[in-house]
Structures are given as structure tokens and as C-alpha cells.
Amino acid sequence: MKNIILVGFMGTGKTTIAIQLAHRLKMKYVSTDNLIEKKEKRTINEIFTKSGEDYFRDVESAVIRDVACMDNQVVDTGGGAVIRDENVAYMKSNGIVICLSADEDTVMERTKKYKHRPLLNVEDPKRKIRDLMARRANFYAKADHTIDTAKLTVRQVVEKIAEIAGSSLKPDGEPKR
Ligand code: S3P
């Protein structure tokens, strides 16, 4: 089985869904953010603060390239992973790319209690969410499929993706587009 790669804005449910989906399909759960932190031996907040976002994006691209070399994984990517075309090309080279989406109020609700996302640790996170979502819309649109998670349960989203993966990945695991 090739990979199932989840992309989408912060707070759209990528991590929760990816863990459940991996369990459901008996695939390996992989988080690019976790791999970045492991590789750097520091948190994403520290990477952003001390080395800047461009540096973070370089490490993120390297991790995505490495992850694309392996099969049978559900890959949980960071919300900005799609903003470099090369990243999306690597993802598509070895799997199906599913974008999770949600409206800005839902994202705000789901993210407001956490402090581990440097881009949302700002004075007006709602505005930041709106701006970033608008700027990234074209990138998220490059996914093979999009699922709005705002009004669905985790189980419903997992089943939808399992269905898509079942019909999109041929028995030999080659993506069929
Ligand atoms: C980011 C999203 C985060 C993490 C980093 C940058 C982004 O991941 O990669 O803080 O640019 O949207 P999540 O989408 O898992 O929160």
C-alpha cells in the first residue's frame, strides 16, 4: 500500500484522524512535525523563534522527501507543508493526498487552547487564521480529495478516507488518478 498523506490547515483534525486511520487500515502513523522535532532535538516553537520559519520549512521539506521514500504510512503533515510545490510533488509521487478543511471559527475553537503553534501565538489569532487560510487556499486545492471535517465525527472522516483510499489505490498500491 502506498501512503495516505493528510494535509490541511491547523486545527482541521489531521493528527486525530491520521492516528485513527492508521489504526483502522493497519498502516504506520507518521507525523512530519514529530520527525522535525526529533531531527532538530527541539520543539517547533524553538525552531521558529531561534532559526526562523524559512529554516523550519527547509527541514520540513527534507523530512517530507524522506517520508515519501517509504510505503504503507498515514502521514500527518504540518499545515504549511503544501506551500512548497516540491513537497506536494513528493507526497503525490508515492501516495494519495487528502486535504482536511474546516471553517475559520471551527479552527479557532479547536486551536485556541494550545500554545505549540508559533504562527497562532499572536495578538489576533482569528485574523491570522483568516489571512493564512486565504493565502494558502490555492495550495490546499492541489490535494487529490478534500473533506470538510467541521460537521463530521472522527469516525465519519476516517471511513470516508478509507473508502477513498480503497477505490483510489489499485491492488498493487499504485495511485489511480
Ligand atoms: C504550521 C502548522 C503546524 C506546524 C507549524 C507550522 C503551519 O502543524 O507544522 O507550527 O504553517 O500551518 P499543524 O497543522 O499540525 O498544527
Side-chain angles (χ1 to χ4, degrees), residues 3-23 28-68 73-91 95 97-143 145-150 152 154 157-158 161:
N3 299 321
I4 300 173
I5 303 107
L6 301 189
V7 302
F9 203 79
M10 296 171 269
T12 52
K14 299 182 298 288
T15 302
T16 307
I17 301 294
I19 291 170
Q20 295 298 322
L21 183 67
H23 186 71
K28 185 178 178 202
Y29 166 77
V30 173
S31 152
T32 58
D33 279 350
N34 289 352
L35 291 174
I36 292 166
E37 291 187 331
K38 207 167 154 193
K39 195 169 169 150
E40 287 288 308
K41 299 188 179 62
R42 50 189 179 151
T43 66
I44 286 171
N45 265 328
E46 285 168 331
I47 301 171
F48 267 73
T49 315
K50 304 222 174 78
S51 307
E53 180 170 350
D54 286 349
Y55 178 86
F56 171 82
R57 297 294 169 205
D58 289 342
V59 183
E60 183 174 54
S61 295
V63 163
I64 289 170
R65 192 193 54 216
D66 290 349
V67 163
Q73 312 164 104
V74 176
V75 185
D76 169 20
T77 66
V82 294
I83 66 176
R84 286 191 180 178
D85 289 340
E86 63 180 90
N87 296 352
V88 178
Y90 276 121
M91 294 176 201
V97 180
I98 313 272
C99 180
L100 302 186
S101 69
D103 57 274
E104 67 187 55
D105 288 337
T106 303
V107 166
M108 184 67 200
E109 271 310 301
R110 289 179 181 168
T111 56
K112 69 179 183 195
K113 44 190 182 299
Y114 302 106
K115 284 278 163 260
H116 65 280
R117 295 183 174 98
L119 294 175
L120 299 184
N121 291 338
V122 293
E123 211 176 303
D124 189 350
K126 187 87 186 276
R127 186 180 176 158
K128 182 78 181 197
I129 289 169
R130 189 177 311 134
D131 289 352
L132 269 181
M133 269 190 177
R135 260 197 278 154
R136 291 178 176 179
N138 289 341
F139 296 105
Y140 292 131
K142 291 179 183 158
H145 297 269
T146 298
I147 299 171
D148 184 346
T149 64
L152 297 178
V154 170
V157 178
V158 166
I161 302 174

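For the single chain, residues carry numbers from 1 onward in sequence order. Note that ligands are numbered from 1 as they come in the structure, with each ligand's atoms numbered from 1 the same way. What you see below is based on every heavy atom in this structure, not just the backbone, and it leaves out hydrogens, waters and symmetry mates.
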Ile4, Val30, Ile5 screened by side-chain contact (heavy atoms from CB on, under 4.5 Å) with Gln73, the one that passes: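 Considering Ile4, Val30, Ile5, a side-chain contact (heavy atoms from CB on, under 4.5 Å) with Gln73 is found only for Val30.
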Name of the residue among Val157, Leu100, Ile17 meeting side-chain contact (heavy atoms from CB on, under 4.5 Å) with Leu152: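 Between Leu152 and the candidates, side-chain contact (heavy atoms from CB on, under 4.5 Å) is satisfied uniquely by Val157.
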Any donor-acceptor pair under 3.5 Å from Asn87 side chain to Gly80 backbone: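 Looks like no, no N/O pair under 3.5 Å.
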Main-chain N/O of Val67 paired with Tyr90 side-chain donor or acceptor, under 3.5 Å: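 Answer holds: no.
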Neighbouring residues of ligand 1, heavy-atom cut-off under 4.0 Å: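 Ligand 1 pocket, heavy atoms under 4.0 Å: Met10, Lys14, Asp33, Ile44, Phe56, Arg57, Gly78, Gly79, Gly80, Arg117, Pro118, Leu119, Arg136.
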Evaluation steps, side chain to side chain contact (heavy atoms under 4.5 Å, CB included), between Phe9 and Val82: CA-CA 10 Å; Phe9 203 79; Val82 294; over 6 Å; no
Candidates Thr149, Asp105, Thr16 - the one meeting side-chain hydrogen bond (donor to acceptor under 3.5 Å, both in side chains) with Arg110: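 One option only clears the test, and that one is Thr149.
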